Protein chains: 2
Amino acid sequence: MPNHKKISFAPSIRRLPSYLHIIRSAQARSEEYISGTVIANELNLEPIQVRKDLAITGIVGKPKKGYPVTELIASIEHYLGWDTNHRAIIVGAGNLGSALSGYQEFRNHGLNILAAFDTDPAKIGKTIHGVPIYSLDDLENESAALKPEIAIITVPSPFAQSTCDTIVASGIRAIWNFTNVKLRVPETVAVWREDLSSGYAGNIPCQSSLEK
Amino acid sequence: MPNHKKISFAPSIRRLPSYLHIIRSAQARSEEYISGTVIANELNLEPIQVRKDLAITGIVGKPKKGYPVTELIASIEHYLGWDTNHRAIIVGAGNLGSALSGYQEFRNHGLNILAAFDTDPAKIGKTIHGVPIYSLDDLENESAALKPEIAIITVPSPFAQSTCDTIVASGIRAIWNFTNVKLRVPETVAVWREDLSSGYAGNIPCQSSLEK
DNA sequence: TAGATTGTTAATCGATTAACAATC
DNA sequence: TAGATTGTTAATCGATTAACAATC
């Protein structure tokens, strides 16, 4: 993962993937340039916001024409770190863990899931969507071999912290946390949280008349 | 869903679920009051931010003691709309749809998944985690009977818009979109987007040394 | 009472939006 | 050239943080 020194720009970064989606469809239509205005219209945003957001990726546009599509895609993907592969494991092979194991989009973003871990003896040794399931007890051993950069936590909340500790002990420095627990980690470990249970309703609709 | 007229407060609202988690554990320890300072310390936030956030739920605290735990939980849950039940359907019974069907946390937040819809004949008529799977063609009919308020879209991206149109046609006004597509909907329909494929890496770590 | 904590009012900070010159 | 679009610089807006009086 690229580590954008000067943290922040978070809101801009969150918008980039949706731009990417539009730009890719322009590419599919073999268009050579796409303007910030076009992207903005598509997403009901202000053109100036799109231009400002794109600027952080380092892309340079052409007055009158817009941004070169191919270059722009590369620029955004690079900025998001989607152009490099990352080795990941899933810890917790329940419903959500299984779903994420088979989630094709991750691979498109360079996220390769190498293994899953669980405590359920009925699951250990099997595979889900081609991903082998190991015992959680073997996490440290397997990690030494697999060298994952990222661990995705999909265990039930009560086990989140202890699982996290195991992950940290195995040397992994990046965690994507799908539980509603705020994990305690050393300063050297980065945590993203994706709490589906609070995602809904906790959030304002991201589009709709309400949004102004 | 409660419709907070004056939109926004979005950042505050997003923090409320994590407060709730802490407050509930205080309740589990039979504590009568919890202070904003305690919550803030637990989450590495500023006390003033916690107080401001809690204030939007309408809770009133007691100087020196803090906020009454039971009342505070009720206040937050009410504000988030988690104290009322919502009827939901899942459209797309693939990996993710199945996972969400069995996701226990949703029920805790008042989200009841009544049915799933898919186009795969092999799935139609079966159940996932007790949720019956119907044909997507029957969505309009079944909706008339089930009267769902919310539709959760977990179909592959290329089918997202057409699925969305069917959902809107059936009269559903709230959509939780798990694809990376920006859906086109009438002004009367609210859409939340939860794009897992861009969630990671597109986001700054939500906790860690990087976060300051 | 003394002191911790709330809630209000003001100050700061950052992100969004506006204005506009530069450019192809 | 004329005009659409970029990118910069300034203005606005909203959220976070600070300061502090009120209170139990």
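In what follows, chains are A, B, ... by sequence order, proteins preceding strands, each numbered from 1. None of the values given here were measured: they were computed from a predicted structure.
Partner B/R193 forms a side chain to side chain contact (heavy atoms under 4.5 Å, CB included) with one of B/I175, B/T179, B/N177, B/I153 and no other, that one being B/N177.
For the atom pair A/T119 OG1 and A/L136 CG, the distance stands at 6.5 Å (nearest 0.5 Å). With rounding to the nearest 0.5 angstrom, the CG atom of A/L16 is 8.0 Å from the CG atom of A/L20. Taken to the nearest 0.5 Å, the CG atom of A/N112 stands 12.0 Å off from the CG atom of A/L146.
Looking at residues 31-43 of chain A, you'll see that no heavy atom sits under 4.0 Å from any atom of DNA chain C.
Nearer to the 5' terminus of DNA chain C, by closest-nucleotide assignment, is the contact made by A/E46 (compared with the other of A/P63 and A/E46).
For the salt bridge (charged side-chain N to carboxylate O under 4.0 Å, His left out) test, residues two or more places apart in sequence or in another chain that qualify with B/E42 are A/R184.
Of the candidates C/dT6, D/dA15, C/dT16, C/dT16 carries the atom nearest the A/Q49 side chain, counting heavy atoms from C-beta on. Side chain of B/K64, nearest nucleotide from C/dC24, C/dA4, C/dT16: C/dA4.
Counting heavy atoms of neighbouring residues, nucleotides and ligands inside a 6.0 Å radius, atom OH of A/Y33 exceeds 12 of them.
When ring centroids are compared, B/F106 and B/W82 stay outside the 6.0 Å threshold.
Applying the salt bridge (charged side-chain N to carboxylate O under 4.0 Å, His left out) test to residues at least two apart or on different chains, the pairs with a partner in residues 15-31 of chain A are A/R15-A/D53, A/R24-A/E77, A/R29-A/E31. Within the structure, the salt bridge (charged side-chain N to carboxylate O under 4.0 Å, His left out) test picks out no pair touching residues 56-73 of chain B (sequence neighbours left out).
Secondary-structure annotation of DNA chain C gives the stems C:3-24 with D:3-24, with a stem taken as at least 3 successive Watson-Crick or G-U pairs whose two distances both fall under 3.5 Å.
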Filtered N/O pairs between nucleotides 7-10 of chain C and protein, under 3.5 Å:
from, atom 1, to, atom 2, distance (Å)
C/dG7, OP1, B/G61, N, 2.6
C/dG7, OP2, B/Y67, OH, 3.2
C/dG7, N7, B/R51, NH1, 2.5
C/dG7, O6, B/R51, NH1, 2.4
C/dT9, O4, B/K52, NZ, 2.9

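Listed here is the closest heavy atom pair of A/A93 and A/I133: CB-CD1, 4.1 Å.
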